[in-house]
Colleague: 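Before we start, here is the structure in question, set down as structure tokens.
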Amino acid sequence: MTEHADSIELTLVPVTGTDRAALDRLTCSLEHELLGLRIESLQRRDRDPGLGDIHDERVGTREFVVRGLLSGSGVRKIVALVQSWLRRNNQESVILRLGADSVEITGSPTRKAHQLLKDFYRRYDEE
């Protein structure tokens, strides 16, 4: 079993063409759903695109830091919630980070993405 971090970081990567108002609406929606889980706290950070991205269509990313719910089953609950949210909101992905380890969550995972999630779960499942 891998040593647990004290928080889970989630980065919402919006689909190309998402404007700032839509990103704000999506961020609030995901934040509301995450707060429905039994977590200690949720902190939100808005990241604007870097200077190199000035001509990129992206409006930045939104990051969440989730404290609590860090057991193997807690990670699975967050992944399931995010996958469902991605499908309902027609978004591409959210990157989940636990310490130095990360995995990309998609609404409709490919076989490869499904295997990456299984490997990620295996590293964090409770013994």
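What you see is a predicted model, and the numbers here were worked out from it, not measured in a lab.
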Colleague: If you draw the axis of the six-membered ring of Phe64, does the NZ or CZ of Arg45 fall within 45° of it and under 6.0 Å from the ring centre?
Modeller: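 Cation-pi check for Arg45 and Phe64: fails.
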Colleague: Could you walk me through whether Ile95 and Ile105 pass side chain to side chain contact (heavy atoms under 4.5 Å, CB included), step by step?
Modeller: CA-CA 6 Å; Ile95 299 167; Ile105 305 168; over 6 Å; no
Colleague: Of all the heavy-atom pairs spanning Leu86 and Gly107, show the shortest one and how long it is.
Modeller: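 Shortest heavy-atom separation between Leu86 and Gly107 comes out as CD1-N, 3.6 Å.
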Colleague: With Arg87, which residues qualify under salt bridge (charged side-chain N to carboxylate O under 4.0 Å, His left out), at least two apart?
Modeller: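 Partners of Arg87 under the salt bridge (charged side-chain N to carboxylate O under 4.0 Å, His left out) test: none.
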Colleague: Report the C-alpha separation of Gln115 and Asp119 in whole Å, then their side-chain angles, then the decisive distance to 0.1 Å, and conclude whether the side chain to side chain contact (heavy atoms under 4.5 Å, CB included) test is met.
Modeller: CA-CA 6 Å; Gln115 185 58 49; Asp119 293 343; 2.9 Å; yes
Colleague: Taking the side chain as every heavy atom from C-beta outward, state whether Leu10 and Ile8 have any pair of such atoms under 4.5 Å apart.
Modeller: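 With C-beta onward as the side chain, the pair touches.
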Colleague: If you compare all heavy atoms of Glu104 against all heavy atoms of Ser93, which two are closest, and at what distance to 0.1 Å?
Modeller: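 For Glu104 versus Ser93, the nearest heavy atoms are OE2-OG, 2.9 Å.
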Colleague: So, for Ser29 and Trp85, which heavy atoms are closest and what is the spacing to 0.1 Å?
Modeller: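 Here Ser29 and Trp85 meet closest at OG-NE1, 2.9 Å.
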Colleague: Determine the minimum heavy-atom distance between Leu12 and Leu23, stating which atoms define it.
Modeller: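 The answer is CD2-CD1, 4.0 Å.
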Colleague: Would you say Thr106 and Gln83 make side-chain contact, with heavy atoms under 4.5 Å?
Modeller: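 Counting from C-beta outward, Thr106 and Gln83 never come under 4.5 Å.
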Colleague: When you compare the side chains of Ser84 and Arg88, does any donor N or O come within less than 3.5 Å of an acceptor on the partner?
Modeller: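 Checked: Ser84/Arg88 side chains pair up, N/O donor to acceptor below 3.5 Å.
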Colleague: Within this structure, what is the CD-CD distance for the pair Gln43 and Glu63, rounded to the nearest 0.5 Å?
Modeller: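 The CD atom of Gln43 sits 10.0 Å away from the CD atom of Glu63.
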Colleague: State the CG-CG distance between Leu37 and Leu42, to the nearest 0.5 angstrom.
Modeller: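 The distance works out to 9.5 Å.
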Colleague: Give a yes or no on whether Val65 and Leu34 share a hydrophobic cluster (residues Ile, Leu, Val, Met, Phe, Trp, Tyr; joining criterion: side-chain heavy atoms under 4.5 Å apart).
Modeller: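 Val65 does not cluster with Leu34.
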Colleague: Just do the side-chain hydrogen bond (donor to acceptor under 3.5 Å, both in side chains) check on Thr11 and Arg97 with the steps written out, would you?
Modeller: CA-CA 8 Å; Thr11 302; Arg97 272 185 292 289; 2.7 Å; yes
Colleague: Show the numbers, then the answer: is there a side chain to side chain contact (heavy atoms under 4.5 Å, CB included) between Leu30 and Arg25?
Modeller: CA-CA 9 Å; Leu30 181 55; Arg25 187 175 77 302; over 6 Å; no
Colleague: Indicate whether any N or O donor in one side chain lies under 3.5 Å from an N or O acceptor in the other, for Thr27 and Arg44.
Modeller: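 No, no side-chain donor-acceptor pair sits under 3.5 Å.
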Colleague: If you look at every heavy atom in Val15 and Asn90, which pair is closest and at what distance?
Modeller: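 Between these two residues, the closest heavy atoms are CG1-O, 3.8 Å.
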Colleague: To check you understand the geometry: which heavy-atom pair defines the closest contact between Leu98 and Ser7, and what is its length?
Modeller: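 Taking Leu98 first and Ser7 second, the nearest heavy atoms are CD2-O, 3.7 Å.
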Colleague: With side chain to side chain contact (heavy atoms under 4.5 Å, CB included) as the test, would you mind laying out the steps for Glu9 and Leu96 before giving the verdict?
Modeller: CA-CA 6 Å; Glu9 295 179 18; Leu96 183 148; over 6 Å; no
